[in-house]
Every structure is written in structure tokens, then in C-alpha cells.
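Quick notes on the structure that follows.
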Amino acid sequence: MSSKQLNMVQAINSTLDLLMAENDSIILLGEDIGKDGGVFRVTEGLQAKFGSERVMDTPLVELGIVGMAIGMALSGLRPVPEIQFQDFIYTAFDQLVNQAAKMRYRSGGEYHVPMVLRTPYGGGIRGGLYHSQSGEAYFAHTAGLTVLSPSNPYDAKGLLISAMKYNDPVMFLEPKRLYRSIKSEVPDEKYSIPIGKASMVHEGNDMTFITYGSMVPTVMNTVTKHSIDADVIDLRTIMPYDGETILNSVKKTGKAIIVHEAPRTLGMGAEISAFLSERAVEYLSAPILRVCGPDIPFPYRLEEYYLPNEERILKAINRIQEFR
Amino acid sequence: MSSKQLNMVQAINSTLDLLMAENDSIILLGEDIGKDGGVFRVTEGLQAKFGSERVMDTPLVELGIVGMAIGMALSGLRPVPEIQFQDFIYTAFDQLVNQAAKMRYRSGGEYHVPMVLRTPYGGGIRGGLYHSQSGEAYFAHTAGLTVLSPSNPYDAKGLLISAMKYNDPVMFLEPKRLYRSIKSEVPDEKYSIPIGKASMVHEGNDMTFITYGSMVPTVMNTVTKHSIDADVIDLRTIMPYDGETILNSVKKTGKAIIVHEAPRTLGMGAEISAFLSERAVEYLSAPILRVCGPDIPFPYRLEEYYLPNEERILKAINRIQEFR
Amino acid sequence: MDEKELFVKAYKAMALSRALDRKIVMSQRQGRVGFYTPTIGQEALQIGLSMTLEKEDIIYEYYRDVPFMLHRGVPPAAIIDQVMGNSSDSEKGRQMPSHYSSKEFHFMSVQSPVAANLPPATGAAYEIKYRKKKNIVVATFGDGSTSTPDFHAAMNMAAVYDLPLVFLCENNRWAISLPIEKQTRVEIWKKAEAYGMRGIKVDGNDLFAMYEAAKKEVETVRKERKPVLIEAVSYRIGPHSTSDDPNKYRTAEITDGSEKDPLIIAEKGMIERNYLTKEEIEKIKTDSKETIDRIFDEREKIPAPKPESIFTDVYEKPNWIIEEEKGEIL
Amino acid sequence: MDEKELFVKAYKAMALSRALDRKIVMSQRQGRVGFYTPTIGQEALQIGLSMTLEKEDIIYEYYRDVPFMLHRGVPPAAIIDQVMGNSSDSEKGRQMPSHYSSKEFHFMSVQSPVAANLPPATGAAYEIKYRKKKNIVVATFGDGSTSTPDFHAAMNMAAVYDLPLVFLCENNRWAISLPIEKQTRVEIWKKAEAYGMRGIKVDGNDLFAMYEAAKKEVETVRKERKPVLIEAVSYRIGPHSTSDDPNKYRTAEITDGSEKDPLIIAEKGMIERNYLTKEEIEKIKTDSKETIDRIFDEREKIPAPKPESIFTDVYEKPNWIIEEEKGEIL
Ligand SMILES: Cc1ncc(C[n+]2csc(CCOP(=O)(O)OP(=O)(O)O)c2C)c(N)n1
Ligand SMILES: Cc1ncc(C[n+]2csc(CCOP(=O)(O)OP(=O)(O)O)c2C)c(N)n1
Ligand SMILES: [Mg+2]
Ligand SMILES: [Mg+2]
């Protein structure tokens, strides 16, 4: 079984290449994804290989990209729309929320929309208000959507392969901060990571970290550096999140800290905290804490104050360790 | 001090009338709000009185309605855009989330957007998927927006008056199910209900209900009918919610049930539950429960199964009463 | 089918549609139906286009397209089931009345957000182009819809990618209470120019004129594989919906448009062309009414879907969250 | 001001803008600036329009409008402060470079989502109409922007309500990597027809042509209180932004457009008209460079805003949630 050291951009690129070669139903569409190879180079080389009918450079209209992808999916294709930055998805929000997400339901199951919407999200590249947003809660709150976010190149490939077999619309959120910052050993052939299953990336007994996407390395670095005896759960699937894994871990540790970059209020941390206090109240020995982005737009020059970091995670650890 | 028995439609209509008469900066704009008086008749008579320059029938373009209102507000007017049904706001989502909500921040405080966006929301009128949605969590998750929802005609007037004095964008969500179903005594003159302050609509010791909008009467009926010894908190302001009132009550009762019509996952109940388990874990004697709409699109023929009701609230009460 | 047969079939669908429309409007007043958007006045333009289509063509229709559906073969029972939201409704009672769907006849599922069907229609047309198929896509919408973002997105995409797509604007001159003059400053067919697309205008009240125009345009689209915008001018004879009261905004001097009733115009034409006699027409109308009355009464007896039905089809397989919520509610 | 003074002022702004543009691009390569969208090539069209405006006119500009801002009086220091995001930046370092704002000179705050400034511009124009003021609004955007929903919404609203609004499309023929030919099938000025609006095309590389056209159109808008669409044809000489590599998509046969450099064209014109001599031009350029170098080095020393600054201006008064989060983070 051969494999390569790849970063996330390379992992996604080679996975698309692999899947497109064997399935001519797959069509990529988006702004600057063809000749230019995408502003993050994720689709580089694919138009040259598969032609401009399969790797479509679209006009500047997110509404049109998502809407057209929905129609393609309804006609049996497997579209992969790209939104250049997640921040620009909101003009397409009606197509996502009222069309893609509700098509199967409203048609009594007669029509469905197998599409995988790829988009880079999150901060860390000095993108300011409009190139840094983490909007996953908007999507996760929308019944009918499925929301994934890989935290490393290996998972990116496995999750993307699962998403491409899935028969409902998937939001594939790529933490742009991790695009090139980490590599993993990625097998050349296909493998899949199941949708809805979290990954236990570190095991311990004192507390449980629940996180995903760009915050996984941040949490892992903190935990290893300070030898914290903690479970660290990488959700991988944000919606439907893996309640069972979370619950089992927190029943064991009695303490939970949720870490994400998205704003705290009504972010995923809110849902997971509520989930836990509904079901694990007898097991909890400390407050469930959230370490998140604040409820402000994303700043430019001072973005490091926005992003959760080691210091803030340690503060939370200290706070719950006061409870026994 | 003279007053009248009014339903919510009349209360909002007469408040707009009152405010428009004394402030010519107020402009209403929306679909069918002029001659037709709005599909729910909330703006009836206002175009005849104030003219079509102040009560503008717009083309069918929510993006344009919200976008134009933003520009009016930036130029010193006090626009009151109406979105005919909240379900149709999503084509304007970029203007709301990326423009209105972020204008003050991105301009360093030089520009701001005082606009009050009115829209009917929620189910109970057999509107199916697209005339029943409760999207408040989308707005509450968006830093920069302020979200209000009155549960009775008296509050509708007082909150609307506060909103119209506020210098940032306000989402004024009108629970359409309550438009004509309840009346209150509404004073003729102006009074205001502060933004950010909840109302304790029932007092007791055994548990705390946190709710708002259309669910307030449902919770109140259940509590009075079954003589439940409970605090019932009507949020009135969904964002920023009144953490202090909630916290004080739950410290007293040790038990909390959050009731709303919006889908459970990442609905306001998630945030309030997380807020409580961060701060009141020592006081809690039972799981924090949520009685909400399920995570499915809103159905038509069987909508009564979607809406939280007395039976479901009683089930939750029974469940937490097992804990002492 | 020769021309006579073609038009007799068309007229029959018009009459059937009119009978069904009357029946549902009346039933709504009697409290037997929850809501409805009448289709009276838009029969000729829909059916005139439908006459030119093939079975494999795909329709992204809107909520006023009952005549179109009936002409293409959708049984009235299916329409009534949707309006009732009963357990035979293919949409399982989930959508408000007037939000039809028929997979068998290639009608997509109708949404409420106006014009949101248009961008997906470009995707369907793209699939046809990509797969080198021969069929085409038709997308329908009202005059009010031309103000929407979705219209702009779809028109431009269709033109840029040379898609085999007929945009049919059913201009009934009203978007609820807003007359066409206040929606836009130009005639709708001219909007095609902004996209480098062909645009035409036709009298949508006249079945024969509509058929001729549609035939020409559809043939061109089939051959040239490029989109077209057809503005079919008609008039909304009824209210916007059963919840609407046009007296609020259609003042005395504005007629209800019934002087240009497409059914009456079609009847005259059928007689002139010797396709049907007066007596045959009367019989078709009586038969239509009887058929509809019978079917309606029959379908009305069908019970509501089972409560558990509201929890399926959110995803292909229900997730644990929905399963749990279902358990709590039922 | 007489014509000569008018054009000398214009040319000076062009030269200053070009010097500033060079400086920022170079500094970005040296890691002294985070990001930037060059404005080279679009000086003449912006300044040609700016020359015809009054102080009270309101500009809903986009990210490439530095020449416009400089000509209207915004000091280079303010532009540099924004690009640096330093503590003197009126936006408090919150926005990426190229997202300017200047309340004093009636420039609104630039957003990233393309064309999202256009619907608000209609609201500003509506206020003018409603208050019976005499000023007008200018909204600027690129060619790529004409594909957006916001363009459609704004164009229609402006036309329907007869708003005093100049839509300036700065057609530099590229939307990042997509050439104009693949964005739409028609020339942009023709899109005005779809809204019943006047549309014109002008050579945006030629300051004199641009001024003439703008003068006529702006006068018309002032008098008739109706919108216009001006397509100013230019060329994006530089990359889309400092993150962009045009070699990926501008293949050998596609030029970078510098053969039509508006600065060179303007210089020729200034000399022909005896507004400036060659020597004066050279001096203006040298002075511009020196001025910019000096100001840039000065502003570069200004420190970043204080960390607590990121927590204000979300609302007029911070709510308890933000206060609490600030406490946790600082
Ligand atoms: C996006 C959106 N906004 C508002 C509405 C409410 N609404 C339903 S139909 C309608 C008017 C549609 O007019 P038109 O497109 O001319 O179609 P017609 O009803 O006349 O056939 C409106 C405003 C909606 N359904 N969707
Ligand atoms: C809604 C939206 N989609 C995508 C982007 C990313 N983007 C930034 S500029 C740009 C191209 C804009 O082209 P044009 O309007 O011609 O302006 P130009 O940059 O050429 O001046 C794109 C796609 C964006 N900022 N906003
Ligand atoms: Mg209409
Ligand atoms: Mg451009």
C-alpha cells in the first residue's frame, strides 16, 4: 500500500483527481478554479486534465454556483461547487437553506441533492472580517445539511470520499489555516472515514476536549506540551455530531471543554454543552466550558486576539481543575 | 392615561403610525405594504396617511429591500424594512450579515445602521416549509445584530419604540401566530421596554421556564392550568439575552426548561443551556431540558406535531421532577 | 397527432384545468382546502408551450402551473392530493397547497421562494449539454420574479454556457398587489438583451398565438442549444391566492382582465377552425366539471399521512438527533 | 477652477496615485504590507469622473478606488494608515488593506463581498430624493460585479425609483482570472437597457474622454434625477492582488495592457493642450515619489491599535457578552 506525505491542499487535490478519473458525473464549478487552479490552488491542474466542461470557471455569482449545482445534482450529476471563501456564501444562502437542504423533504423523497460544497473557512491568514469567518453554526442549524471539517490531510481525503458517495448536500469546510501547515501520510488509494463518527485523537482521564477543524492542532499541542491527561475528540463531522463518543468520554472524565474558532454565542459549543447537560448531569464534576472566538466580527491587524490559543485553553483547564 | 384593547397587529400598526407622525425620518419599505396594507395588514392605512414615499411598495427583491434600507440608515433615515415572511430573508442574508451587522465595526464606528427589520415568523398558520420558519438563531449568532420578539401586544409596542431609538440594526421578529389571537390593554401614548431585559411573567420556586415569542402563552397556559410552581421568563430580547435574570432564577429553582419553536439543534435553548452550565453548575439539581421544534423542515398537514405543546412541556416537567 | 387533435387535447386540458380551479377555489371557501393560488387566466400560455414539448423535457415550474401539469398528463387526482396534503400525496402532505411535484412527468418540486427554481434549472440544462442529450429544460415564473437575484443569476448562467433552456415568464401583470409598471421600467422580453439572449413577447391569452410562438422558439432552442426568454402576456383574473383581496389594490378602473379570458378566446378559435362545435365544447366543459367533482370527492376521503411521516426524508437515513426527537414527540 | 487647473489637479492626483501604488506593491513584496489590490490602469476613469463631482456627493466606492480618493482630497497618509491597519487608521485596523473609508470626503466603508455596496447606494440616493437635496450618489464596481445579485437589485431599484445615482463600472476586463468574455455575452453598458436606464461606454484609459463623458452624464443625472450606467473600459495592468499570479491565466498572447497606460495617455494630452510641459510632468512625478516615500516611512512607525480596540463598535454600547469575552481574552 503506497502512500505520500501530503498537505491538505495536495490531499484534496489528489482525491478530486482520483474520483473524477473514475466517475464522469463529477463536475467542479466555482470562481477561478480552472486555469487559475483556485485561489488556494486546491483545484490546480484539474481543468487541464478533465477539461473546462468538468472544471468550470463560473461568473462571480455564488447564488448561481450553488443553484446550478443543485440542478446538476437533481439531474444525476455529482457537482462539487467551490465557494472561494466561506464568507461569500451568504448570497447563496437561500439556495442552500431553502432549496438544497429541503429538497428531499419537500418532494416526499422523490428528489435529492447529492452535492459536496467545498469552501475554505476560518482565520489565521490575516483575512480580516471577510476572509476569516467560521460560519459552520449557520449550516449545522439547518436541517437537511450535513457539515464536515477535516483537521488533517489524511482525514480530508477520507471524509471527502465519504461525502462524494453521500446522497444529500454536504458542506465540506476546509480550515484554510491548515491548508499547508501540516502534512500527513496519505495512502494513494481510496479509503473512507465515516460521516457522523468522531475521532479520539488523544486519550486521558481528567477531562474531555471536544473540538474540530483548525483548533485540533492547537488543542493537541497544548495537551501534549503540558501533559494534560485528557481525551481529545476531533469531531470531523460537525453535523450530525457524534453524541455517543462525546457522552462516553465525558461520563468517564466528568469534565468537558469545547474549543472552536467560531463565535461563542450559538456556536457548536453551545449545542454540545446543552447535549451534555441534558444527558450527563450526574457525571459532571465541573462546569462545561467553552473556549471560542468572541462575538465580534473578525479583526485584521490583531487577529491573534481573536483566535483561541494555548493560553486561553490553559485558563479553562485551570478553572475546571478547581472542581473535584 | 387612556388605553385600548388591541391585538398585536393593531398594536404594531398604531405604534408605527404614532412614531411616523412625529419623525419624518421613518420610512417603511417592503412588498405589498402600501395599498395592500401588508399580507397580515400590519401596515394598513399607513400609505394613505403618509404617502408612497414613506410607505414604499418595493419590487420582489429582499436583497434590495434590506440593502436599500441600509443605505437609507447610513444617510440618517430610520428605515423599517418588512420581509413578508421571515422564510424569505435568506436572499438578503449577505446584506444582513456582512453589511448591516458589520458596518459599525468595519468603519471604526464612523458609520452605523439604525434600521428595524420587521418580519413575521414561526408556525401555527398552516404555512408549511416556507411560511413557518423560526430563524432567530441565524440572527442571534451574528455579532452586530440585535434580536427582539414580543409575546403580546403591550410588549410589541414598548419594544418597537425602543428599537426605533436604537442606533444599530434590530431584527424585530413578530410571532405571526399571536398576531390576532391575544389582546392586551395598550396605552395610547409612548412607553418603552428596554432592550436586553427579560420579563418575569410568572413566579415560583420549583423550576424556571425560559421562553419567548409564540411559546409564552403555551408555557403560561400549561403552568397555570397545572399549578406549576415555576418562574416563567419571557426573554423579549433574544440577543443579547438577559443572562442575569435567567441566572438568578435558576440559582433559586435549581431547574431549567427552555421552550422554543425553532429547531432544537443550535437553537436559543442550546445557548441558554450552555450559559447556565458554565455558571450555575453548583445550583443545578436536574438536567437542563429543551422543549423545541425538531430538526426537520416545517411540515404542512401535520404541523401540530412540530409545535411544542402542553403535553411535551408536561413530559419535561415530569422528567426533571424525578431529580431532587 | 395532427393539428386538430393537438388543439382538441389542448382545449380539453384548458377546460379541465378551469373546472379544477373553480372546484378548489370553491372548496377553499367552504373550508375544505387550506390555501390555493388560482390559475385562471394562465391556461393558454402554459398549454401553448406544453404542446411543443417532448416527454423527456424537464420542467422547473412554479406554483401556478396546474394547466401545464394537466396537459402533460399529471392526473387531477395527484393535484388534489397535493392540495389536500393527504397520505396519497407524493410529497407526503409536507408542502402548502400549490407546491406540486411529479417525477413521472418531469415536473420538479415547487418551492415558495419566488424564482428559486431558476438557478437549479440551469444546472439541469447543463447536465443535458454535458451528456449531449437531446431534450431541453423549461423554467416558468411570474413577472414579479424578474426582480429577484435568482432571475439574474440564472439568465446570465444560461447565456454564458449556451444552455438549452426556455425561460417562460408568465406575465399576469401583478406580483400580489404590485402592478408590472411599478416592478420595472421596461418590458420583460427586453431584459433578455442584457444577457445576450433572445427574447420575445407573445399574447399569452391566445392559445393559437402562444402555440405558434412557442413552437418556433422551442424548435430554435432544440436546434441551436441556446436559451430564450418568452414573455407571455396574460392577466391575473383571480386574486393572488385565496388569502388575498384584490379590492384593496385593484381600484374600480382596473378590470379583473376577464374580458380577455383565454378559455373564451380558445373556444372561438376552436370553432372558427372547425376543431370543435359549440355543442362539443359544452360537453367537454360539463364532462370536466363532473370528472373533477367526482375525483375531488373521492380524494377528499383519503386520510392524512401518519404522524411519523414528518420525520423521514430530511436525509436519506434519519440521523440520531431526528430519531430522538421523534421518540420524544410521538 | 479653469480647465487647465482642473486637469493639472487631475494629473497630479494620477501621478500621486501611481507613486503610492508602486510604493505599496513594493512594500508588500518586502513584507511591510500584508495584502493589496493595485490600482494601476484605473486612474483616468476614476479621476475623470471625480473631476465632475461636488463635495456633497456621496461615494459608495470599491477596493480599487485609491486614485478617486486621492483626487477628492483624502490624504495619502489615511490610505497608508488603512493599509497598515495602524492605530491612526479610522477603521482601527479591523479591515484588510484596500478596504478604505473616509467620512470627511463622503467615501463609505469598503466591504469585501463584491458589489454589496450597490444596494445601499440606492438607499443613499433615495434619501437625497426624499429630502429633495441637490447632491448625487456614485457607486463603483468592477466588470465581474455585474454578474452578482446585488448589481441586479440595485440597478432595478435605482431605475424604478428614479434615483440620482451614477453607476460606474470600472471594466478592467478581468474578474481575477475570468476574462470579461466569459462573464457575460454582452457589453456591460447594454445591461442598462434591461432596467430602462441610460447606459454609455467610454474609453476609461483616456482622462480627457472620460472627463467629457462623465461631465455630460453627471450633469444629466443632476438635472433629470435619474440613474445612469457608465461603462469605463480599461485594463487591469497589474495582478488582481498581491496574492495573485496572472501568469497562471494570462497566457503569452494576452498582454498586460500597459500599452494603453492611462498615465502615458494623460501626459501626452497634457502636453498637447499646453497644460503641462515635459519637465513639469517629470517634476510632478519625482515630487510624488518623494512625498509618498516620506509619508509611508512616517506612517509605518505608527503602532498597532491596542488589543482592547477589537471589542468596541460591534454595537454602540458593548453588551455583557462581549464585555465578558473581552475579560477572558485580555
Ligand atoms: C423570495 C420571496 N419573496 C416574497 C414571497 C411572497 N410572494 C409570494 S408570490 C409573490 C408574488 C409573485 O409574483 P409573480 O412572480 O408575478 O407571480 P404570480 O403570483 O403573479 O403568478 C410574493 C411577493 C415569496 N414567495 N418569495
Ligand atoms: C461575493 C464575492 N465573491 C467572491 C469574491 C472574491 N473576489 C474578490 S475580487 C473578485 C473579482 C472581482 O472582479 P471585478 O468586479 O471585475 O473587480 P476587479 O477586481 O477586476 O477590479 C473576486 C471573485 C468576493 N470578494 N466577493
Ligand atoms: Mg405576476
Ligand atoms: Mg474587473
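Everything numeric here is computed off the predicted structure, so don't read it as measured data. By convention in this document, chain letters (A, B, ...) are assigned in the order of the sequence lines, proteins followed by strands, and residues within each chain are numbered from 1.
Here the side chains of K102(A) and D313(C) are not in contact, with every heavy-atom distance at 4.5 Å or above. In this structure, the side chains of D150(C) and Q95(A) come closer than 4.5 Å at one or more pairs of heavy atoms. Taking the side chain as every heavy atom from C-beta outward, L74(A) and Y60(C) approach each other to under 4.5 Å. In this structure, M157(C) and L63(A) have side chains that are not in contact, with every pair of non-hydrogen atoms separated by 4.5 Å or more. By the 4.5 Å heavy-atom criterion applied to side chains, R106(A) and E91(C) are not counted as neighbours. You'll find the side chain of V314(C) stays beyond 4.5 Å of the side chain of R104(A), heavy atoms only.
Residue contact with chain A, scored on non-hydrogen atoms closer than 4.5 Å, involves the backbone and the side chain of Y315(C) alike. Interface remark: Q111(C) contributes backbone and side-chain atoms alike to the contact with chain A (heavy atom separation under 4.5 Å). E324(C) touches chain A through its side chain: at least one heavy atom from C-beta onward sits under 4.5 Å away, while N, CA, C and O do not. Interface residue P149(C): backbone and side-chain heavy atoms are both found under 4.5 Å from chain A. Contact of V110(C) with chain A is made through the backbone alone, with heavy-atom distances under 4.5 Å. Residue Y100(C): no heavy atom, backbone or side chain, is found under 4.5 Å from chain A. Using a 4.5 Å cut-off between heavy atoms, L118(C) does not touch chain A at all. Residue contact with chain A, scored on non-hydrogen atoms closer than 4.5 Å, involves the backbone and the side chain of A116(C) alike. There is no contact between L29(A) and chain C, counting heavy-atom distances below 4.5 Å.
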### Query
How far apart are the C-alpha atoms of Q99(A) and N117(C), what are their side-chain angles, what is the distance that settles it, and do they pass the side chain to side chain donor-acceptor pair (under 3.5 Å) test?
CA-CA 8 Å; Q99(A) 294 277 87; N117(C) 53 325; over 6 Å; no
### Task
Please step through side chain to side chain donor-acceptor pair (under 3.5 Å) for the pair R131(C) and S25(A), ending with a clear verdict.
CA-CA 9 Å; R131(C) 293 296 190 198; S25(A) 299; 3.0 Å; yes
### Query
So E110(A) and S109(C), side-chain contact (heavy atoms from CB on, under 4.5 Å) or not? Walk me through it.
CA-CA 9 Å; E110(A) 290 204 326; S109(C) 144; over 6 Å; no
### Message
side-chain contact (heavy atoms from CB on, under 4.5 Å), that's the test. Do M68(A) and Y161(C) meet it? Break it down for me.
### Response
CA-CA 11 Å; M68(A) 189 178 222; Y161(C) 294 112; 3.8 Å; yes
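Counting only distance, with no hydrogens or angles, the side chain of Y111(A) and the backbone of S101(C) share no donor-acceptor pair below 3.5 Å.
Other residues, nucleotides and ligands contribute over 12 non-hydrogen atoms within 6.0 Å of the CZ atom of F105(C). Heavy-atom contacts from other residues, nucleotides or ligands closer than 6.0 Å to NZ of K252(A) number more than 12. Heavy atoms from other residues, nucleotides or ligands lying under 6.0 Å from NZ of K317(C) number 12 at most.
When the side-chain contact (heavy atoms from CB on, under 4.5 Å) test is applied to E300(C), the partners found at least two apart in sequence or on another chain are R32(C), M84(C), F296(C), D297(C).
Cation-pi check for R94(C) over Y105(A) is met; the charged atom lies under 6.0 angstrom from the ring centroid and within 45 degrees of its normal.
For chain A, the option among A153(C), S112(C), G123(C) with the highest count of heavy-atom pairs below 4.5 Å is G123(C). Considering only heavy-atom pairs separated by less than 4.5 Å from chain A, the leading option among H99(C), K92(C), K103(C) is K103(C). Note on A69(A), G64(A), S75(A): by heavy-atom pairs under 4.5 Å with chain C, the leading option is S75(A).
Within residues 233-243 of chain A, the residues having any heavy atom under 4.5 Å from a heavy atom of chain C are, by residue number, M239(A), P240(A), Y241(A), G243(A). Within residues 50-59 of chain A, the residues having any heavy atom closer than 4.5 Å to a heavy atom of chain C are S52(A), E53(A), R54(A), M56(A), D57(A), T58(A), P59(A), listed by residue number. For residues 162-169 of chain A, a heavy-atom distance under 4.5 Å to chain C picks out Y166(A), N167(A), D168(A), given by residue number.
Distance check: Y126(C) OH to I27(A) CD1 gives 5.5 Å after rounding to the nearest 0.5 Å.
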